[in-house]
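Hydrogens, waters and symmetry mates play no part in the numbers below; they use all other heavy atoms, side chains included. First listed ligand is number 1; within each ligand, the first listed atom is number 1. From a predicted model like this one, the values you see are computed outputs, not experimental measurements.
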Amino acid sequence: MTISRRTSSHSLLDNSLRNFYAAAEEMGLEDKVIEVMSCPERSIQVSIPVKMDNGTVKVFQGYRVQHSTACGPSKGGIRFHPDVNLDECEALASLMTWKCSLAGIPYGGAKGGISVDPDTLSMREREAMTRTYAARIEPIIGNWSDIPAPDVNTGGQEMVWIMDTISKLRGRWEPAIVTGKPSSFWGSKGRRAATGLGVSTCILELLKTQHVDPCSATAIVQGFGNVGTYNALFLQSAGVKIVGICDITGGYYCKDGIDIEKAMAFTKTIPYRTLEGYSQPGLVHMSREEILEQECMILSPCALEGVITSKNAEKLKCAYLVEGSNGPTTPEADVILDRRGILVVPDFLANSGGVIGSYYEWVQDLAGAFWTEEKHNRRLNLLMKENFRKVWEYSDTHNVKMRRAAFLVAIKRVAEAIELKGFFL
Ligand code: GLU
């Protein structure tokens, strides 16, 4: 490769650039295509003034990055978190490009968010912030240009506010402009559980390749939000024993298994829906770091990025790591896991159920006709299995790790689209 490589002081962006360059080099991608793909097409930063309940005005910073529209309108979530910044959005937007490409759905990748701790806001402040953010990114979003969705700390309510704000600004209904809306309001039945269903489908497919009966498998799921809860729930209903769960209040381990339905019901009774105070016989409370190092067959990180690092990769006691969250493993940790024989199913394959569910919602919104939950889940399940097989077989026949295999398959489709269209605009 003769072109200079981009690097970043932001670790997630730097990791994603390193993963991309390594795969691009391995597949012999042309320099011009590498250069185009290593830069986002469009990034914006917006200021969001909000009148707070105490009468003061606070200005939050919001972002939207569109990494690629080579294969279709860009697609990706919006997160509310104090760590959100432009570099993080760029890294996560490129991951969405690979995710949508690999999934075989007609989208490119984007990501956005607001740097804020949403738990400090009242409902009124949260609504005002979300609507003003929507209005400020309005010029660049649209059902054929860029389609936001939920991500960390956002959900159906925020998506309805965004859809309603854009619809009012444009003077017409814009239901397909965001996905992840409640199923009662232009959303899709099954979308809420889609990411978790997709992760658990990958885990069960993986067990098949290893000839392991799910009833003899144990799992620890880190993160008890939308992804982690449904992942754990679907695994449990397939017979897998969930020995550990975790949220911001710590890790909860029980060698005899945790009743996920009971734990989910418990969180609904607690402010901010945490596991604080959850108990059952034999349950041990520990730190969020310790839970990752407990004995299990499958470890599935389903919270934030950068939790599996060179510091703890040596200590993991799992056979398989299946990434439900985006970017949970650093490249240094990847090398250690590889040496230790821990098989990794990469994020943009394992958690693609969310955006596949979003795609189904968009299709229904554009058609104005809605599916049953059974149809949604059946189609999601089939596509996840097909995508898992695609990566598994590529990895097997080319003797590369699954992350590299997934990158190679995903990059190839985007590169072909760029080559076909050329470089105009
Ligand atoms: N936030 C989810 C993800 O990272 C879903 C994105 C979408 O549905 O557009 O995959």
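Atom NZ of Lys412 sits in a sparse spot, with 12 or fewer heavy atoms from other residues, nucleotides or ligands closer than 6.0 Å.
Scanning the protein for heavy atoms near atom 7 (C) of ligand 1, the closest one is Ala149 CB, 3.3 Å. Distance from atom 5 (C) of ligand 1 to its nearest protein heavy atom, with residue and atom name: Arg191 NH2, 3.8 Å. Among protein heavy atoms, atom 8 (O) of ligand 1 sits closest to Ser358 OG, 2.5 Å.
Taking distance alone, with nitrogen or oxygen atoms compared against 3.5 Å, Pro150 approaches ligand 1 more closely than that limit. Of the N or O atoms in Asn351, none lie within a sub-3.5 Å distance of an N or O in ligand 1.
For ligand 1, the atoms lying closer than 4.0 Å to a non-hydrogen atom of Gly76 are 9 (O). Atoms of ligand 1 found under 4.0 Å from any heavy atom of Met96, numbered from 1 in the order shown, are 3 (C), 4 (O), 6 (C), 10 (O). Which parts of ligand 1 touch Lys99 is read off a 4.0 Å heavy-atom cut-off, strictly below it: atoms 3 (C), 4 (O), 10 (O). Within ligand 1, counting atoms from 1 as listed, the ones closer than 4.0 Å to a heavy atom of Lys75 are 7 (C), 8 (O), 9 (O). Under a 4.0 Å criterion applied to the non-hydrogen atoms of Asp151, ligand 1 contributes the atoms 1 (N), 2 (C), 4 (O).
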_Could you walk me through whether Tyr320 and Gln210 satisfy the side-chain contact (heavy atoms from CB on, under 4.5 Å) test, starting with their C-alpha distance in whole Å, then the side-chain angles of each, then the deciding distance to 0.1 Å, before giving a yes or no?_
CA-CA 11 Å; Tyr320 311 111; Gln210 309 296 297; 3.1 Å; yes
*Could you go step by step and tell me if Asn153 and Val116 meet the side-chain contact (heavy atoms from CB on, under 4.5 Å) rule?*
CA-CA 10 Å; Asn153 292 327; Val116 62; over 6 Å; no
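With Gln66 as the fixed residue, the side chain to side chain donor-acceptor pair (under 3.5 Å) test singles out one of Lys75, Arg42, Lys111, Glu90: Arg42.
In this structure, Trp186 and Trp173 have tilted ring planes: the angle between them lies in the 30° to 60° band. In this structure, Trp371 and His376 have tilted ring planes: the angle between them lies in the 30° to 60° band. Using the six-membered ring where Trp is involved, Trp362 and Tyr359 have ring planes that are tilted, between 30° and 60° apart.
In this model, no donor atom of one side chain and acceptor atom of the other lie less than 3.5 Å apart for Glu323 and Ser300.
Distances shorter than 4.0 angstrom do not occur between any heavy atom of Arg79 and any atom of ligand 1.
Under 4.0 angstrom from ligand 1, the non-hydrogen atoms of Asn326 all belong to its side chain.
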